[in-house]
Each structure stands twice: as C-alpha cells, then as structure tokens.
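Presented below is the structure to which this report refers.
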Amino acid sequence: MKSGSSFESTSTSTSSATGSSGSAARSSRSGSGSFNLRNLSKVILPPLGGPSSGHGQPHGGGSDDRWVISPLHSRYRCWETFMVVLVAYSAWVYPFEVAFMNASPKGGLEVADIVVDLFFAVDIVLTFFVAYIDPRTQLLVRDRKKITLRYLSTFFIMDVASTIPFQGLAYLATGEVREGAAYSLLGVLRLWRLRKVKQFFTRLEKDIRFSYFWIRCARLVAVTLFLVHCAGCLYYLIADRYPHREKTWIGAAIPNFRQASLRIRYISSIYWSITTMTTVGYGDLHAENTVEMVFNIFYMLFNLGLTAYLIGNMTNLVVEGTRRTMEFRNSVRAASSFVGRNRLPPRLKQQILAYMCLKFRAESLNQQQLMDQLPKSIYKSICEQLFLPVVKDVYLFRGVSREGLLCLVTKMKPEYIPPREDVIVQDEAPEDVYVVVSGEVDAVRLLNGGGVEERVEFTLGSREIFGEVSALSDRKQGFTFRTRTLSQLLRLKQATLKEAMQSRPDDSVVIINNFLKHQVEMHGMKVEDLLGESTTGSKQDDASNVLTVAAMGNSGLLEDLLRAGKDADVGDAKGRTALHIAASKGYEDCVLVLLKHACNVNIKDSQGNTALWHAVSGGHHKIFNILYQFARASSPHAGGDVLCHAPRRGDVAALRELLRLGLDVDAEDHDGATALRAAMAEGHADAARFLVLNGASVDKAAGALDDGDGSGSGSGAARLAMSPGELRELVRKRELGHSITILDSPPTLAPCGGGASSGHGRQGSRFQSTSWPRVSIYKGHPFLRNQSSEAGKLINLPGTMEEFKAIIREKLKVDAEKALIVNDEGAEIDSIDVIRDNDKLFVVTEENLRRLAAMDSVPAS
C-alpha cells in the first residue's frame, strides 16, 4: 500500500489483504497519519460492488502514467487557487484598461498582462496531464488519451483564444500598437477564464472548514461587484467615445472630465453603476443622450434579473440555506460542540466528523434511495450485476448455489466507511456480517484488558468477510475490525444469514463446511489430524465438522450440528472423539453439549486414553468431575480404570491429581486390578512408592508381589527394582503415622466404591457438582397415564436413594418404600447412579400394578 500526503492517495487505492501483522501495523500508521478532515473533500467514492479507483488503479482503460496529475492533489489545488487569483486580476483589469486607458500609457499593467498570459499558457499545457472525474460515473479517469481527447473537444479552443495576446501579435507583425473595437472584442475572450472562479467557490462551499454562509455571501458579493465594475467601465467608455462630450452623463457633471484624475473618473463611474443597480440614482448623474439611455434601459432590465438572483439566493441562504447542506453543517457543528462539552479525545472527534461527512457525500449520490424505489425484479438484477461477482468469491459462500447467493445479495446494504473507523469492537456480539468490496480493514487486538495498547493481527482486503464468527457460533468477537482506508462494505444482518441457511439446507451445509475449514486454518490445525484417511464422503464431512467445532470451543455451533443428527462419537485418525478434544482443551460448554446428546464417555483413543484421562492430565478438574459423574452411571469401575491408567503410564503427577479429586486409592478397574498392582506389574517404582505412602493396600496387590517373590516366573519385581522388604518398610512407615498425604484440599467427589479408603477415611458421598441434574417425577405407571393424569413435579436429583424417596413422599404423597420407581419404558430403577439429567421417573404403587395386570388379562376384542 502506498502512503502519501493526501487522503486520496490512501483512501482510493485497492490493496489485497496482508497476513503479516508487522507490515500491517506499519501501513496502518502511515495511512492514518495522512487522513484528516481537511482532505474529506478529496474523497472519490468507488462504484457499488466495484473496487476503488485512484492513484493505485486507473479507471477507464489504459495504463497508469506516473506523469498524470490528480486534480485532488494538494499541490494542484494550490495551483488552481493561484490561477483563480490571476483570473480575478485579468477579469478586473481588462474592462478597466479598455475604458480608462485607451490613449494613456499602460506602463506596468501591460507587463503584468504578459506575465499573466504566460501563466495561463502553462495552465493549458498542464491541463493535458490532469486527470478528470467522469461526470457519469463520478470516478477518476487517468488515461492520457482520454484526458487529451476530452480537453481538445471541450475547453481547449476557448482557453487558447482567451490567452492569445492579439495586440502583441499585431505589434510584432506591423510594428505599430493597434487599438480598436476589433481588438477590444477579442479581449473579451479573457472573461472565459471566469469559469475557474465558479469552480473555486463551488469547492469552498463543500469544504466544512469554512462557513457556508460567508462563502455564499462572498460569492454573491463578488458577482455583484464584478458586474458593477463592468457596467461602470462600459458606461464610461460610451461617454468617452461620444463625439459631444458635454452631452454625456459625466460631461454634464464634469465638463473637462478627461483632464480629471483617473481616480475621479473611475469612482464616478462606479458611483453611477451602484446607484443605477439599486434604483436609487438619477438625482445627479443621468443619461444625457440616446446612446446612454439605450444602455441604461438594457442595464436596468439586466438588473431586474440580477436583483431577482441576489434576492432569491439571499432568501434561500437565510431562510433555508440550501437546507440539506445547512442541516449537515449544523449536525457537524453540534457534533463538535458535543465532543468539546464532554471532553472526548481527538480521535473520537475525527471519527464522528469523518463518518458524518462521508455519509453526506454518499447520500448526495442518491444511490441507495434510487435502488429502494425500484421494483423487486429490477433491484434483484442490479444486485446480481453489482454484488454477486464479489460475494461469490468470499470464502464463506464458495460453492453456494446461485439462487442462494442471489437471496443473500438482495438483502445486503452497501455502506461507505471512512478510515480509522471501528466497524466491530472486540468482545461485543455484533448483529451484522460485513463483506469488504474495496479498501482495507485491520483486525486489531486490544491488549491489557482492552487498554490503550493494541496490535494489528492481520488485514482484510477486497472480497473478504468479517463478523461471521459471531453469526455462526454465537461468540463474541476476538478482534476490533477497523478500516484502514476508505472502505466500501456490504452489510448483511446475522438474522438474515441464519434465515437463509435454514431455508436452504444444502447451502447451509456448504457454508458451515467453508467456515469450519477456514477456522481450521486460522487455528493452525491440520485437517489430517482430525480426519482418518479411510473416511470419505459425508462421514468425512461429519467428522470434520464435529471435531473442528469441538477444537474451536464453539458450543453453539456444536449444539446445532448434533441437533441436526451429526454423530457425537465420530473419531479422528488417532481415535479421538469430540469429547476427547473438548476435555483436553478445557471447553466445558462443549463437554456439556456432548453429554447432553448422549456421547460415549468411555471411548478410548488409539493410545488407550479416555476423555477422563485427557481432562485430568490437562488440569481441567471441573470437567473431570462432570465426566466422572456420567462415567460412573455407565461403568462402576470408571474411577478404577482411570486411576490404574496413570501408573501404567508412569504418570505420578496424574496420580496425585486423581487422589486430590477424591478417587479411592484402592479402586479396582474392570479387570479387578488396583493402581498399586498396575504400577508394580508395569515396573514403575515411583508410582508404587507414591501409592503405598498414600494408603494403597498392599494386600490387594498381592498377585504382583507374589510374582516378585517367586523364584522364576514373575517379572514384576525385576522391572520394579524394589524388594519385598522395601515394600514392607514403606508400609511400616505408613502405619507408624508417616505424615505423607496429598489431600491438601477437600475432596470434590466420592470414591466409586463404598466405604473408606485405608489411611485417609474418605467418606463416600455423591460427587459435589455445581450443576445438579433435574428430573421429573409422576404418579402411576407410564403405560397407565393419560391427559387427565395428575401433573408431575420437577425436582433436583439428590445424592442418595433415601433422600430421593423422601422427596417422593413429600411431593407426591406416596409411600416410596412400598412403591417401585421406573423410567418411561417401565424399567425398574434401584440405584441413584443410573439416573440422568432430564429423565422422567414414575412412582408405581401396588394398586397401579393390579390395574396393569387387569388390563393385560382382558382379551383383545
């Protein structure tokens, strides 16, 4: 990206996004430094759906010539201002010279005229290199051929004619100074240059740095004074050329007016012109001959139009003041007052004023207003022509059907955003998704908790999108998205995007796949790590979707996928399920979603690790507690399995964490082995010592000890490198009260088996979770209930069966000791551990059983 001194050079160039944060930050600093309110008048808005056009990109064909001058460049603006001064001088001096200095020597004025003509000649040459704004497209054209053809076909001939010094050429040709009506009429061509003054005032009226009221007044005053000056010079010229000087308007007042000083004659002429224009004169100076009367007639008629013009403009200026422009300027003034009154920082003031100025300029084009007035079919065709080529190249919509894209683009609204404007703020949940049509947008991360320090992570360019993360995952934004240059964005409501996805399931799958693949790349993951080589087709897509969402921690999108029927237990190439990934990364919300959809807690990956092991090895204790609760419901040996897995891997740190979490040190796995026996069988001496010193029963590990004591067959002791005597010494130290313990905090869950563990007396109780399961309890057998049956009760599931029956007696007024508790399928429940969240439970009395038996005995009709 090119950095320059003008806003135009940074705001109208089209650049692609860069991935380097360092270069992005440097470019952002250079771009922001060149932007200020002074340069807002130099903004060229790109066409809807198209790239910017400026220094970086020529418009209208041809190559970009480095000699082409931008009409918005600050240096050329200074040149134009200088030329306006010369035009004002030329237009003022020419009538004065013709009328008052016909026979007298001109002196320095003649030299000045030659110098001014030379400057105008330079301006003519310079115009062949100045780009122009196409009035049809409002875009900058930098093609040298088009610039030349346009100038030759429009203003070139008149510019040359107004610059040629006809009298000087006649003098060079004849050697005599020529004076006459013909040369005077040719000199009138100099007034052609006044168009530059008109353009100058038009530009000043749109510049918010200056007061619109005073600029407009200055324009009207300048027009009035110039006409008064020209009329006075022409009226004096009539008197000076009239053969009977005493019968002229000035001759009647000053008989020898030619002998009077130049100052007296000019002031008299201007005095007459002013009094005639304002219709208050003719008391002292009036027409004395027919020629003067005819001139006065036409002058007065002209004054009628001029007066109407002045009064109309002044009335419009005072009463309405070109209402839209005045409203805009009033809003700018109010915004400036608001910023000053509330002591907002300068950066916020710049953003507010820049946004208001850009909105005013965009509204003046009436693009969106026109499109809103068109029929839906025409509006759809326009959107297809302008926006579809951009949207179809956005990564999120690649592969989406044409009908789906048209549905989206017709709902998008184009917006122009000034540089350094925050479109989406970090940690907010935006309501819109934005597609970058032109310009650049920086993704800025606020550091130190959203403080002043910030870092540009990456830069988005044309045909890129932001805000989609919140739309598809219901998460807050991780970055602040700030425009680096003048940017054209397509805004799409998140609700509209979701509705379109729901109405078109096939396109929805494509969008989700595109999003997930992009997130894989953004998070530095590889698809090969999440997918097996054997998975193909829809299975591969399911695995990619579910596993990637779990790796992102995107619980909202994971919920949508599982609700749509995706397999919660699908595995990757290493046998890891979504539960393994979520547990290892500590994504509690994702774990809860997976458990809600009945995923298998006991699945092992290719290394034999369960989700429980990943949770404890990652230090995610709360997730371990949640998983342990569900694992015990399906496997009574869940605690023993994970506890025995640690010594098999020689992981003493994991053993310490498991015992801190309250697992029974002598819990048995599904093979009946304890952790100490597993440690001795695998030869891990450190794990065995740790277990013995923390209460492990040596008797339950007798099989491994016998192998070690034997004379030949066993190899456990050999691998363990620990003699039975050393083990007995450890047990003796423990029995003597050796102060070795790892329970430095209260246990958070109960052992999977009943009773207390040796050495510590950890009492069995239901594991303490901050999220208690809730169940519904009803009277009667589920097969006997109908719409008239008594409503049930929603309760929190207690920790023991006795407490549960007490709640049943209180809520349903039923003696639970003499009743059966069944699920909605009629299966009897005798343990609290098999009850899950949101289960429906039914309390069946003996009377209910008799009624059910009577129904079964009735023969079918």
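Across Pro414 and Gln488, no two heavy atoms sit closer than the pair CB-OE1, 4.4 Å. Scanning all heavy atoms of the two residues, the minimum distance from Val591 to Ala582 falls at CG2-CB, 3.9 Å. Of all heavy-atom pairs spanning Cys599 and Ala568, the tightest one is CB-CB, 4.0 Å. In this structure, Gly399 and Val510 approach most closely via the heavy-atom pair C-CG1, 3.8 Å. Minimum heavy-atom separation, Thr485 to Gly439: OG1-CA, 3.4 Å. Heavy-atom minimum distance, Ala611 versus Ala583: O-CB, 3.7 Å.
Residue pairs that meet the salt bridge (Lys or Arg N to Asp or Glu O under 4.0 Å) test with at least one member in residues 505-515, sequence neighbours left out, are Arg504-Asp507.
Put simply, CG on Leu204 and OG on Ser211 are 11.5 Å apart, with the number rounded to the nearest 0.5 Å. Rounded to the nearest 0.5 angstrom, Lys574 NZ and Ile581 CD1 are separated by 10.0 Å. Taking CG of Leu579 as the start and OG of Ser584 as the end, the distance is 9.5 Å to the nearest 0.5 Å. In this structure, CD in Glu468 is found 11.5 Å from CG in Leu492, a value given to the nearest 0.5 Å. Here CZ of Arg491 is found 6.0 Å from OH of Tyr434. Values are rounded to the nearest 0.5 Å. Asp442 CG to Arg420 CZ: the interatomic distance, rounded to the nearest 0.5 Å, is 7.0 Å.
For the pair Val437 and Leu489, the minimum side-chain heavy-atom distance is 4.5 Å or more. Between Phe387 and Ile382, every side-chain heavy-atom pair lies at or beyond the 4.5 Å cut-off. Proximity of Leu627 to Leu595: side-chain heavy atoms (C-beta onward) are separated by under 4.5 Å at one or more points. Leu594 has its side chain out of reach of Thr577: every pair of non-hydrogen atoms, C-beta onward, lies at least 4.5 Å apart. No side-chain heavy atom of Lys413 sits less than 4.5 Å from a side-chain heavy atom of Lys493. Looking at heavy atoms from C-beta onward, Phe397 lies out of side-chain contact with Asn514 at the 4.5 angstrom threshold.
Other residues, nucleotides and ligands place no more than 12 heavy atoms under 6.0 Å from the CZ atom of Phe338.
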Go through the steps for Met501 and Leu497 under the test side-chain contact (heavy atoms from CB on, under 4.5 Å), then give the verdict. CA-CA 6 Å; Met501 292 174 63; Leu497 176 60; 4.1 Å; yes
Is there a side-chain contact (heavy atoms from CB on, under 4.5 Å) between Leu486 and Ile417 once you walk through the steps? CA-CA 6 Å; Leu486 170 68; Ile417 308 296; over 6 Å; no
Mind running side-chain contact (heavy atoms from CB on, under 4.5 Å) on Leu406 and Lys380 for me, showing each step along the way? CA-CA 7 Å; Leu406 285 176; Lys380 184 177 180 180; 3.8 Å; yes
Can you list the steps and then say if Phe466 with Val423 is a side-chain contact (heavy atoms from CB on, under 4.5 Å)? CA-CA 10 Å; Phe466 61 94; Val423 183; 3.9 Å; yes
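Without hydrogens or angle criteria, Arg398 side chain to Asp393 main chain gives a donor-acceptor distance under 3.5 Å.
None of Glu454, Glu440, Glu421 except one satisfies the salt bridge (charged side-chain N to carboxylate O under 4.0 Å, His left out) rule with Arg482; the exception is Glu454.
Classification of the His580-His614 ring pair by plane angle, with boundaries at 30° and 60°, yields perpendicular.
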